[in-house]
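The structure appears right after this line, and notes come after that.
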Amino acid sequence: MLAGVSSPICLFGAGGHGRGIAAQVARVTGRMPIFADESLPIGTAVAGTTVSFVKLDDIGAHPLIVTVGSAAHRRAIQERAYKHGLTVTHFIADVDRFFGNPPGRGSVVLSGAVVNAETQIAEGVIINNGAIVEHGCKIGDYCHIAPGAVIAGDVEIDSDVWVGANATVLQGLRICAHVTIGAGAVVTKSISRPGVYVGQPARRMEPTVI
Ligand SMILES: CC(=O)SCCNC(=O)CCNC(=O)[C@H](O)C(C)(C)COP(=O)(O)OP(=O)(O)OC[C@H]1O[C@@H](n2cnc3c(N)ncnc32)[C@H](O)[C@@H]1OP(=O)(O)O
């Protein structure tokens with residue numbers, strides 16, 4: 001499902017994340033998306049389609065999704081898109097598994113992911129393949145919930161948080177902005193200090209001092 005689509009979706013960013021989304025957009029909408037990428041020549045073949053644009057301001061009326069894995073870059077490009085007046089849309093691969101509020105602009109909910117009732121997904125969020133975001137959660141701007149991660153009910157995650165593959169966040173917890181949760185971690189307490197957390201239960205990794 002795509003918000004208000006009239007011409008092919010343009011995916012900005014032809015890296016691994018973009019290539020994965022292209023296949024899903026094509027399957028769900030029955031129409032191949034096109035790509036924009038500032039580092040590839042126009043006409044470059046990518047994921048069964050081509051790079052049609054290199055500059056954001058050439059995209060025009062195509063609905064846009066920024067498909068750059070880095071949250072900082074995704075945010076920067078999406079904010080530039082707003083300044084250019086572009087239409088930034090969202091994408092939900094499995095509408096029959098999506099029960100939340102409509103996601104914010106530029107957010108993607110990929111194949112097999114479940115988003116349960118009363119969950120709010122902000123802007124530029126990635127809910128990756130097979131992730132579960134349970135009822136009543138709030139997922140902040142430019143977060144990435146990686147494949148297979150489980151966010152239990154009523155969790156609030158602030159902006160720019162990366163929850164690694166197969167990690168679990170227990171119900172009712174709060175996670176502050178700019179946190180990375182390692183693959184397979186189990187978060188059992190709220191996190192109020194930015195940093196990287198790994199293990200079961202998750203503990204903060206102290207930065208290496210050289
Ligand atoms: C579609 C997609 O592909 S989406 C992408 C999905 N990818 C992920 O989910 C990956 C998430 N990233 C991780 O888990 C990373 O390992 C991070 C962010 C937690 C840490 O990365 P780095 O800072 O580069 O740590 P680095 O690899 O140097 O490891 C440092 C130490 O932490 C340990 N460590 C790293 N990751 C983890 C983890 N997830 N759980 C437990 N320990 C870990 C390492 O074994 C190492 O221990 P050592 O010093 O005793 O040898």
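Note: hydrogens, waters and symmetry copies are ignored here, and every other heavy atom, side chains too, is used. Counting starts at 1 for both ligands and their atoms, following the listed order.
- Here the closest non-hydrogen pair linking Leu56 and Ala81 is CD2-N, 3.6 Å.
- Between the side chain of Ser107 and the backbone N or O of Gly124, at least one donor-acceptor pair lies under 3.5 Å.
- Relative orientation of the His17 and His144 rings is tilted, given thresholds of 30° and 60° on the angle between their planes.
- Grouping the Ile, Leu, Val, Met, Phe, Trp and Tyr side chains by contacts below 4.5 angstrom, directly or via other members, places Leu86 with Ile34.
- In the displayed structure, His73 atom NE2 is contacted under 6.0 Å by at most 12 heavy atoms of other residues, nucleotides or ligands.
- Under the 4.0 Å distance rule, the nearest protein heavy atom to atom 14 (O) of ligand 1 falls inside the cut-off.
- For the residue pair Asn116 / Glu134, a side-chain donor-acceptor distance below 3.5 Å is found, with atom types taken as modelled.
- Contact annotation for atom 3 (O) of ligand 1: protein absent (non-hydrogen atoms, distance under 4.0 Å).
- Given atom 34 (N) of ligand 1, the protein heavy atom at minimum distance is Val198 CG1, 4.8 Å.
- Thr119 contributes no side-chain N or O that, together with a main-chain N or O of Gly100, makes up a donor-acceptor pair within less than 3.5 Å.
- At least one protein heavy atom sits closer than 4.0 Å to atom 39 (N) of ligand 1.
- Comparing Met205, Gln200, His144 against atom 23 (O) of ligand 1, the shortest heavy-atom distance belongs to Met205.
- A donor-acceptor pair is defined here as one N or O able to donate and one able to accept, closer than 3.5 Å; no such pair exists between the side chain of Arg75 and the backbone of Tyr142.
- Nearest to atom 9 (O) of ligand 1 among the protein's heavy atoms is Ala165 N, 2.6 Å.
- Distance check on atom 51 (O) of ligand 1: every protein heavy atom falls at or beyond the 4.0 Å cut-off.
- Ligand 1 places these atoms under 4.0 Å from at least one heavy atom of Gly182: 14 (O), 19 (C), 39 (N).
- A salt bridge does not link Glu79 to Lys83: none of the charged side-chain nitrogens sits closer than 4.0 Å to a carboxylate oxygen.
- Atom 44 (C) of ligand 1 lies below 4.0 Å from none of the non-hydrogen atoms of the protein.
- Under the 4.0 Å distance rule, the nearest protein heavy atom to atom 30 (C) of ligand 1 falls inside the cut-off.
- Using modelled atom types, no side-chain atom of Asn166 and backbone atom of Ala183 make a donor-acceptor pair closer than 3.5 Å.
- Around the CD atom of Glu156, the shell of radius 6.0 Å holds more than 12 heavy atoms that belong to other residues, nucleotides or ligands.
- Taking only non-hydrogen atoms, the option from Gly16, Ala146, Ala183, Gly20 nearest to atom 11 (C) of ligand 1 is Ala183.
- There is a protein heavy atom less than 4.0 angstrom from atom 19 (C) of ligand 1.
- Counting heavy atoms closer than 4.0 Å to ligand 1, residue Asn129 contributes nothing at all.
- Ranking the protein heavy atoms by distance from atom 17 (C) of ligand 1 puts Val196 CG1, 4.4 Å first.
- Set against the non-hydrogen atoms of Gly164, the atoms of ligand 1 under 4.0 Å away are 9 (O).
- Only the side chain of Pro147 comes within 4.0 Å of ligand 1, judged by heavy-atom distances.
- Ranking the protein heavy atoms by distance from atom 5 (C) of ligand 1 puts Trp162 CZ2, 4.0 Å first.
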